[in-house]
Amino acid sequence: MSLKPALLLAIFLHNYAIIATLASDPDPVQDFCIPQKGIATCRNSSAVTVEDFVFSGIKLPGKFSETGLAAKPVNVNVFPGLNTLGMSFVRADFEVGGINVPHFHPRATEIAFVLQGRVYSGFVDTENRIYAKVIEKGEVMVFPRGLLHFQMNVGDTPATILGSFDSQNPGLLRIPNAVFGTGIEEKLLEKAFGLSAKEIANLRRKFAPHELS
């Protein structure tokens, strides 16, 4: 290999490593960082207690939405003990027939563990291939970072999933809300989905931001 191609390859790999690093949560530089309220600094470790590392907010299901889903995220916004640790959690409960609409997490891969029930679960890759099956109690499924995924309770009893993320704040973008609950030009939506102006208006009312839970 000549010097010039080798140099270009080295520069490419170096830049790729930088991009890959920036795409993930940074590594912590200390044991933990419990943020002070209203201040972007860590609390002195002498003022930290075991209670800062315990969260009890998912003992019971949350409020169920019209889709039959009750999700309780456990991220750095509600559990400061996760700050700088690069991980978070969610409890998702499904009524019979309940669904978790197609959505994705821009900053995290998710692993979902079925605590109880039978859940049709899957994701779609960037070549529009679908990977889906019914997973049952004790089974897990992984959803790669940034890929659209979904879940539906197909059992005859309620179902519960526990999800783990490799980011303290994975982000969440629900496809129906992102498409019809925002200000995207109506003509574009009509052409993209082959829907009439009346149908688009109905969907916009359904997914209006003030109706999101």
Side-chain angles (χ1 to χ4, degrees), residues 54-79 81-82 85-181 193 195 199 202-213:
V54 177
F55 182 78
S56 303
I58 57 171
K59 289 182 177 179
L60 299 173
K63 180 182 178 182
F64 284 91
S65 67
E66 291 183 358
T67 64
L69 172 72
K72 279 190 169 183
V74 185
N75 54 44
V76 69
N77 297 319
V78 297
F79 186 16
L82 293 174
L85 300 184
M87 62 186 304
S88 54
F89 199 73
V90 67
R91 171 176 175 158
D93 292 274
F94 298 79
E95 296 175 330
V96 175
I99 68 168
N100 193 0
V101 301
H103 64 283
F104 66 92
H105 307 287
R107 295 184 290 274
T109 292
E110 177 183 1
I111 294 181
F113 170 76
V114 181
L115 188 64
Q116 62 176 1
R118 301 177 68 247
V119 181
Y120 173 67
S121 186
F123 65 91
V124 178
D125 71 8
T126 56
E127 296 185 11
N128 287 330
R129 288 185 298 238
I130 185 171
Y131 300 85
K133 66 172 294 184
V134 175
I135 55 176
E136 303 182 349
K137 179 179 178 179
E139 295 186 312
V140 300
M141 186 169 189
V142 63
F143 306 121
R145 179 194 301 265
L147 293 188
L148 180 147
H149 55 282
F150 48 83
Q151 294 146 332
M152 178 172 66
N153 182 3
V154 294
D156 55 8
T157 60
T160 301
I161 281 180
L162 303 178
S164 179
F165 305 93
D166 63 343
S167 170
Q168 70 177 36
N169 193 10
L172 170 62
L173 196 64
R174 295 182 179 91
I175 301 304
N177 304 114
V179 173
F180 299 108
F193 294 97
L195 300 174
E199 290 170 324
N202 287 337
L203 287 167
R204 281 188 155 167
R205 282 194 294 271
K206 180 177 177 61
F207 296 107
H210 65 274
E211 295 182 9
L212 299 182
S213 58

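Numbering starts at 1 and runs along the sequence shown. Everything numeric here is computed off the predicted structure, so don't read it as measured data.
The stretch residues 159-172 participates, sequence neighbours left out, in these salt bridge (charged side-chain N to carboxylate O under 4.0 Å, His left out) pairs: Arg145-Asp166. The salt bridge (charged side-chain N to carboxylate O under 4.0 Å, His left out) pairs that include a residue from residues 96-105 number zero, where partners must be two or more places apart or lie in different chains.
Taking all atoms of both residues into account, the shortest heavy-atom contact from Pro158 to Val96 is N-CG2, 4.1 Å. Heavy-atom minimum distance, Arg174 versus His103: CA-CB, 3.8 Å. Minimum heavy-atom separation, Pro176 to Val101: CD-CG2, 4.1 Å. Taking each heavy atom of Ala108 and Ser167 in turn, the nearest pair found is CB-CB, 3.8 Å.
By the 30° and 60° cut-offs, the orientation of the rings of Phe123 relative to Phe143 is perpendicular.
The main-chain N or O of Asn169 is found under 3.5 Å from a side-chain atom of Arg107 such that the two form a donor-acceptor pair. In this structure, His105 contributes its side chain and Gly171 its backbone to a donor-acceptor pair below 3.5 Å. For Lys72 (side chain) and Asp93 (main-chain N/O), no donor-acceptor pair under 3.5 Å exists by modelled atom type. Checking side-chain atoms of Asn153 against main-chain N and O of Glu95 turns up a donor-acceptor pair under 3.5 Å.
Considering only residues two or more places apart in sequence or on other chains, Asn100 meets the side chain to side chain donor-acceptor pair (under 3.5 Å) condition with Gln151. Legend: residues meeting side chain to side chain contact (heavy atoms under 4.5 Å, CB included) with Phe89, ordered by chain and number and at least two apart, are Ile58, Val74, Leu162, Ser164. Considering only residues two or more places apart in sequence or on other chains, Gln116 meets the side chain to side chain contact (heavy atoms under 4.5 Å, CB included) condition with Thr160. Ile175 meets the side chain to side chain contact (heavy atoms under 4.5 Å, CB included) test with Pro102, Phe104, Leu148, Val179; sequence neighbours excluded. Under the ring pair (Phe, Tyr, Trp, His ring centres under 6.0 Å) criterion, Phe113 pairs with no residue at all, not counting sequence neighbours. Residues forming a side chain to side chain donor-acceptor pair (under 3.5 Å) with Thr67 (at least two apart in sequence, or on another chain): Ser65. For Asp125, the side chain to side chain contact (heavy atoms under 4.5 Å, CB included) partners two or more places apart in sequence, or in a different chain, are Glu127, Arg129, Tyr131, Leu147. Every ring pair (Phe, Tyr, Trp, His ring centres under 6.0 Å) that Phe193 has, sequence neighbours left out, goes to Phe180.
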Would you be so kind as to tabulate the donor-acceptor pairs closer than 3.5 Å made by side chains of residues 132-142, with sequence neighbours excluded?
| unit_1 | atom_1 | unit_2 | atom_2 | d |
| --- | --- | --- | --- | --- |
| Glu136 | OE2 | Arg118 | NE | 3.0 |
| Glu139 | OE1 | Glu136 | N | 2.8 |

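The shortest distance between side-chain heavy atoms of Arg91 and Pro61 falls below 4.5 Å. Pro73 has its side chain out of reach of Ser88: every pair of non-hydrogen atoms, C-beta onward, lies at least 4.5 Å apart. Put simply, the side chain of Phe94 reaches to within 4.5 Å of the side chain of Ile161, judged on heavy atoms. Residues Gln168 and Met87 have side chains not in contact (no heavy-atom distance under 4.5 Å, counting atoms from C-beta outward).
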